[in-house]
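First the structure, in the form of structure tokens, and then the observations on it.
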Amino acid sequence: MADPKGFLNHGREVAKSRPVDVRLKDWNEVYVPGSLLPIISKQASRCMDCGIPFCHNGCPLGNLIPEWNDYAYREDWAAASERLHATNNFPEFTGRLCPAPCESACVLGINQPAVTIKNVEVSIIDKAWDTGDVEPQIPERLSGKTVAVIGSGPAGLAAAQQLTRAGHTVAVYERADRIGGLLRYGIPEFKMEKRHINRRIEQMRAEGTRFRTGIEIGRDLKATDLKKRYDAVVIAAGATTARDLPAPGRDLKGIHQAMEYLPLANKVQEGDYVTAPITAEGKHVVVIGGGDTGADCVGTAHRQGAASVTQLEIMPKPGEDRAPNQPWPTFPMLYKVTSAHEEGGERVYSVSTTHFEGDEDGNVQWLHLVEVEFIDGKLTQKPGTERKIPAQLVTLAMGFTGTDRENGLVDQFGLELDERGNIARDADFQTNVPGVFVAGDAGRGQSLIVWAIAEGRSAARGTDRFLTGASDLPAPIRPTDRSLMV
């Protein structure tokens, strides 16, 4: 194990952020480059190498956390990288973007601040890239089998990399103009610079994975034609149908889904635009939805020079400590201050939008809201609490309800859906159509990046077994597994 007294000798210390007034002037990642490595060995030493490491229960990938903590403590970075990659294709993604349910399940977290597992993870992988320890893993022989993967988010990329390494010829189809899915266009640059995606894509290309951008299955290419071309298909198209807000005035100009707004800001960073077609510059911005996507909108609006930013959440403000009904090692709903919230703006809880008000040209100008409370489990408006706030740009970040049904992919394949509207699958992640598998949010519903990668790895095993009759690929989760929550 690491230092037996590490958790007694060292307190929790996390990555340092750049000053707000500095980072708001650019789109680079908010953390001070190189600030983790000098402290990370001491942080890794806080891991107790528990007899039963509950961090494994919090992580669907089955990450070997005590093992790579020990290697990081000893500064054996090559061994740490090998243990990290044994269960995770893309630790540079999860180390930056995952909310770290493993830390919520850390045994040390019962009565002390948990081990900084996420920071250790990203330190290991960044060091591995710097030292050249991340190399293409080219299969020794090809199987002669072909696989099409629909979607290039974390689930699709994980499935594609696993199947390529198993010797199959894999082509990834992405409807956008660049590979990465929501990693590319849904996650702002200040949370993860896209160079991390680019170098992983180059690794996959060197391994043999092929990429086809600008092709939407169902519209540009019929699903039935795709199935004829390949021996198997893995659908990893995500849950991209956004939840809408059918309030009066919704059709006013200036009200957009978050995934209409965020990709344009990212396209500016890619060099496609000088200024985003939808911008917060000089406007009073209201973000409806208190989750991570809402926070991404907040941080983006700050960098675009918004006059003000207000984030609305219909649920009550979470507490700063675990609630009695969310005991360790479950993932608690806690009040979280992200880097975007550190940068300013107002957060308003327990409110609901009643309607929007516009000017004579049809542009949104005001958002009317009312305070709400739960009475006998029912959301109820509080009389006399109605008010309006200025709103010249409104982004809807209220989550997603399922995979896209309008492009024809589901119907053309003839796929069955479950009771939640997700694509149904069996224990091998296979749909009702033989040879067609599903991974990620398209089958699970909206979830975390770490679950998407786990789904992609598990679906790859099912696909490999379908193609060859057996598989040595790992399957960290079952389709029915769910997060460690209550």
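Note that the coordinates shown come from a computational prediction; the quantities given were computed from them, not determined experimentally.
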Would you find a donor on one side and an acceptor on the other, under 3.5 Å apart, between the side chain of R322 and the backbone of Q326?
yes
Should L183 and L97 count as side-chain neighbours, where that means a heavy-atom distance under 4.5 Å?
yes
Q412 side-chain N/O to A223 backbone N/O, donor-acceptor pair under 3.5 Å
yes
Which is it for E371 and T385 under the side-chain hydrogen bond (donor to acceptor under 3.5 Å, both in side chains) test, yes or no, and what are the steps along the way?
CA-CA 6 Å; E371 294 181 16; T385 62; 4.8 Å; no
Quick one: do K145 and T169 satisfy side chain to side chain contact (heavy atoms under 4.5 Å, CB included)? Show the steps, please.
CA-CA 6 Å; K145 302 293 186 178; T169 300; over 6 Å; no
Within a radius of less than 6.0 Å around CZ of R212, do more than 12 heavy atoms belonging to other residues, nucleotides or ligands occur?
yes
Q365 versus H284, side-chain donor and acceptor atoms under 3.5 Å
no
Quiz item: cation-pi between R250 and F356, 6.0 Å / 45°
no
Per side-chain hydrogen bond (donor to acceptor under 3.5 Å, both in side chains), Q203 is matched among Q161, E135, Q137 by Q161
Contact check, side chains of E189 and M192, non-hydrogen atoms, under 4.5 Å:
no
Pair D464 + R165, salt bridge at N-O below 4.0 Å:
no
Where the side chain of Q430 meets the backbone of G435, is there a donor-acceptor pair that is under 3.5 Å apart?
yes
Can R205 and E202 be counted as an ion pair, charged N to O under 4.0 angstrom?
yes
With a cut-off of 6.0 Å (strictly less than), are more than 12 heavy atoms of other residues, nucleotides or ligands near CZ of R420?
no
So, are E342 and R23 salt-bridged, with charged N and O less than 4.0 Å apart?
yes
Spell out, as yes or no, whether a donor-acceptor pair under 3.5 Å connects the side chain of T310 to the backbone of E346.
no
Without swapping roles, check the side chain of E455 against the backbone of G440 for a donor-acceptor pair under 3.5 Å.
yes
Should R478 and D426 count as an ion pair when the cut-off is N to O under 4.0 Å?
no
Here the gap from D418 atom CG to I423 atom CD1, rounded to the nearest 0.5 Å, amounts to 9.5 Å
Can E281 and R303 be counted as an ion pair, charged N to O under 4.0 angstrom?
no
Side chains of Q304 and V285: does their closest heavy-atom pair fall under 4.5 Å?
no
Can you confirm if the NZ or CZ of K227 lies within 45° of the ring axis of F413 and under 6.0 Å from the centre of its six-membered ring?
no
Once you measure the plane-to-plane angle for Y230 and Y173, does it fall in the parallel (<30°), tilted (30-60°) or perpendicular (>60°) bin?
perpendicular
State the CZ-OH distance between F190 and Y31, to the nearest 0.5 angstrom.
11.0 Å
Between the side chain of Q257 and the main-chain N/O of M259, is any donor-acceptor distance below 3.5 Å?
no
Using side-chain hydrogen bond (donor to acceptor under 3.5 Å, both in side chains), reason through T94 and E121 one step at a time and then give a plain yes or no.
CA-CA 8 Å; T94 52; E121 177 182 27; 2.8 Å; yes
Taking C-beta and beyond as the side chain, do H368 and K388 meet within less than 4.5 Å on heavy atoms?
yes
As a quick check of understanding, evaluate side-chain hydrogen bond (donor to acceptor under 3.5 Å, both in side chains) for Q392 and N363, giving each step before the final call.
CA-CA 7 Å; Q392 296 165 323; N363 300 301; over 6 Å; no
Can you name the closest pair of heavy atoms from D231 and G144 and give their distance?
OD2-O, 4.1 Å
Taking all atoms of both residues into account, what is the closest heavy-atom pair of R387 and V348, and its distance?
NH2-CG1, 3.8 Å
Taking all heavy atoms of V450 and all of L61, pick out the closest pair and write down the distance.
CG2-CD1, 3.6 Å
Check R184 with E270, please: is the shortest side-chain N to carboxylate O separation under 4.0 Å?
yes
To the nearest 0.5 Å, what is the distance between OH (Y273) and OG1 (T279)?
13.0 Å
Who pairs with F437 by ring pair (Phe, Tyr, Trp, His ring centres under 6.0 Å), at least two apart in sequence or on another chain?
F466
So how far is it from L262 CG to T395 OG1, rounded to the nearest 0.5 Å?
7.5 Å
Write down the atom of F400, the atom of Q446, and the distance for their closest heavy-atom approach.
N-OE1, 2.8 Å
Is E29 salt-bridged to R18, going by a charged N under 4.0 Å from an acidic O?
no
With heavy-atom distances below 4.5 Å as the criterion, would you say the side chains of F374 and M315 are in contact?
yes
Taking the side chain from E216 and the backbone from R175, do they hold a donor-acceptor pair closer than 3.5 Å?
no
Please check: side-chain N/O of N89 versus main-chain N/O of A159, any donor-acceptor pairing under 3.5 Å?
no
Atom pair CD1 (I187) and CD1 (I449), whose distance is rounded to the nearest 0.5 Å
7.0 Å
Can you see which heavy atom on G345 is nearest to which on H302, and at what distance?
N-CE1, 3.8 Å
Quick test of your reading of the model: are D472 and R461 salt-bridged, counting only N-O distances below 4.0 Å?
no
Donor-acceptor pair, distance only, cut-off 3.5 Å: does the side chain of D26 make one with the backbone of N28?
yes
If you apply the rule side-chain hydrogen bond (donor to acceptor under 3.5 Å, both in side chains), what do you find for T241 with D404, and how did you get there?
CA-CA 6 Å; T241 302; D404 190 347; 4.9 Å; no
Would you check if T213 and V172 make a side-chain contact, meaning some heavy-atom pair closer than 4.5 Å?
no
For L369 and I389: C-alpha separation, side-chain torsions, deciding distance, then whether side chain to side chain contact (heavy atoms under 4.5 Å, CB included) applies.
CA-CA 8 Å; L369 56 81; I389 58 176; 3.9 Å; yes
Strictly by modelled atom types, are T164 and T209 linked by a side-chain donor-acceptor pair under 3.5 Å?
yes
Are the side chains of L367 and I288 in touch, meaning some heavy atoms are under 4.5 Å apart?
yes
Rounded to the nearest 0.5 Å, what separation is found between the OG1 atom of T403 and the CZ atom of R444?
15.0 Å
Are more than 12 heavy atoms, taken from residues, nucleotides or ligands other than R199, located less than 6.0 Å from that residue's CZ atom?
yes
Please examine the side chains of V438 and N422, heavy atoms only from C-beta on, and report whether any two atoms are closer than 4.5 Å.
no
Which pair of heavy atoms, one from T146 and one from R229, lies closest together, and at what distance?
OG1-O, 3.9 Å
Please check if the number of heavy atoms outside K194 that lie under 6.0 Å from its NZ is greater than 12.
yes
When you measure from the side chain of T338 to the backbone N and O of A340, does any donor-acceptor pair fall under 3.5 Å?
yes
Derivation of the side chain to side chain contact (heavy atoms under 4.5 Å, CB included) call for T468 and H168:
CA-CA 10 Å; T468 65; H168 307 305; 3.7 Å; yes
